Engineer: 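Structure in structure tokens, see below.
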Amino acid sequence: KKAEWAKLKDEKSVSADGKEFVIGANIGTPKDLDGVIDNGAEGVGLYRTEFLYMDSSELPTEDDQFESYKKVLKSMDGKPVTVRTMDIGGDKHLPYLPLPEEENPFLGYRAIRISLDRDDIFRTQLRALLRASVYGQLWIMFPMVATLPEFRAARDIFNEEKAKLVAEGTPVSDDIKLGIMIEIPAAAVLADKFAQEVDFFSIGTNDLIGYSMAADRGNDRVSYLYQPYNPSILRLVKNVIDSAHKYGKFAAMCGEMAGDPIALPILVGMGLDEFSMSATSILQARSLMKKLDTKDMAELAAKAVDAETNDEVVALVKSNVSAD
Ligand code: PEP
Ligand code: MG
């Protein structure tokens, strides 16, 4: 099998009936790039920049960040690189940035909420990204966006820093795409409104499932509720994809679900544009995709969103798609 998959390294990600998709890789640091290139990723769909902050004993400087971003963009050689701005809080802490003690850190001060509050930190990151943007095709996305005003505030800060750099004579790309992670149910429900303002969505199913089911996967007593194929989750995902496409925007997914062989046929049927996953899952996903017909999968997806339970959807996929 592995040898068969390896042959797909330089091939496109295409369904049996010839529809092209994008399979990207998730990375945490530039050190992950070898795996990305070895496994034939068509881009980086999620660069989790918080590791830059977590692996440091103080706030990383603009120049430090610039070097990392430049390295990733250059290595990807013109393929799109989606960089997620700092996603700190929840379970991720920085020793040098004390966060308030909170009863519910996962419902608290984190990610874009910190960036908008501590815009000094946010501006430094955006400046580093803007300076690096000339070395490749940069997409920037904001984590844990719940409301339109949050996105607009982040975009305004981005535009301000861009204007400052241009005024200083620093070259920046004029083609940076701005998007949001969809990982809060409120944003998934309101996707048709967001789609009119963003360039792209990337669905973060790890958090989206947890927040939708109000269940922490890491908590054994309730982990049975962590149900990626629950039709409620599938309906949210479908709403996000359909809303993006209604306004000509791009719909990606970077949560674990994107590389999951049970979910993938349904997502192909829904017309998801990009699947971003850990590099080691890419070739297997590309191989499975090659066997799927998009019309058949659209029928499967319609049945899945109309199902009642997670288990029913699993059975439905297993009876319609032969395991790779
Ligand atoms: C997600 O929530 O699905 C996601 C990709 O972000 P992270 O796993 O880094 O929270
Ligand atoms: Mg997340």
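Order of appearance sets the numbers: ligands from 1, and atoms from 1 within every ligand. It should be emphasised that the depicted structure is a prediction, and the values quoted were computed from it without experimental measurement.
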Engineer: Run the numbers on S223 and R217 for side-chain hydrogen bond (donor to acceptor under 3.5 Å, both in side chains), then give the verdict.
Structural biologist: CA-CA 5 Å; S223 58; R217 158 165 54 178; over 6 Å; no
Engineer: Using every non-hydrogen atom in the two residues, find where T49 and Y53 come nearest and quote the distance to one decimal.
Structural biologist: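 For T49 versus Y53, the nearest heavy atoms are O-CD1, 3.4 Å.
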Engineer: From D119 CG over to R123 CZ, what is the distance, rounded to the nearest 0.5 angstrom?
Structural biologist: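 Answer rounded to 0.5 Å: 4.5 Å.
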Engineer: A cation-pi test, strictly: NZ or CZ of K249 under 6.0 Å from the centre of the six-membered ring of F200 and no more than 45 degrees from its axis. Yes or no?
Structural biologist: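 Negative - K249 is either too far from the ring of F200 or too far off its axis.
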Engineer: How long is the span from the NZ atom in K246 to the CG atom in D192, to the nearest 0.5 Å?
Structural biologist: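 One finds 6.0 Å between NZ of K246 and CG of D192.
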Engineer: Could you go through ligand 1 and list every pair where one of its N or O atoms sits under 3.5 Å from a protein N or O, giving the atom names and the distance to one decimal?
Structural biologist:
| unit_1 | atom_1 | unit_2 | atom_2 | d |
| --- | --- | --- | --- | --- |
| ligand 1 | 2 (O) | E183 | OE1 | 3.0 |
| ligand 1 | 2 (O) | D207 | N | 3.1 |
| ligand 1 | 2 (O) | D207 | OD2 | 3.0 |
| ligand 1 | 3 (O) | G204 | O | 3.3 |
| ligand 1 | 3 (O) | T205 | N | 3.1 |
| ligand 1 | 3 (O) | N206 | N | 2.8 |
| ligand 1 | 3 (O) | N206 | ND2 | 3.3 |
| ligand 1 | 6 (O) | R84 | NH1 | 2.9 |
| ligand 1 | 8 (O) | R48 | NH2 | 2.9 |
| ligand 1 | 8 (O) | N206 | ND2 | 2.9 |
| ligand 1 | 9 (O) | R48 | NE | 2.7 |
| ligand 1 | 9 (O) | R48 | NH2 | 3.3 |
| ligand 1 | 9 (O) | R84 | NH1 | 3.2 |
| ligand 1 | 9 (O) | R84 | NH2 | 2.8 |
| ligand 1 | 10 (O) | D207 | OD2 | 3.0 |

Engineer: Answer yes if the ring centres of F122 and F142 are under 6.0 angstrom apart, and no otherwise.
Structural biologist: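 When the ring centroids of F122 and F142 are compared, they turn out to be within the sub-6.0 Å range.
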Engineer: Output the distance between atom CZ (F275) and atom CE (M257), rounded to the nearest 0.5 Å.
Structural biologist: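 So the gap between those two atoms works out to 10.0 Å.
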Engineer: Mind checking the SG-CG spacing from C254 to N206? Nearest 0.5 Å is all I need.
Structural biologist: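 The CG atom of N206 is 7.5 Å from SG of C254, to the nearest 0.5 Å.
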Engineer: Is it true that K295 and D293 have a side-chain N and a carboxylate O under 4.0 angstrom from each other?
Structural biologist: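 Judged by the 4.0 Å cut-off on N to carboxylate O distance, K295 and D293 do not form a salt bridge.
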Engineer: How many protein atoms of type N/O/S are positioned less than 2.8 Å from the Mg ion (ligand 2)?
Structural biologist: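 Count of protein N, O, S atoms less than 2.8 Å from the Mg ion (ligand 2): 2.
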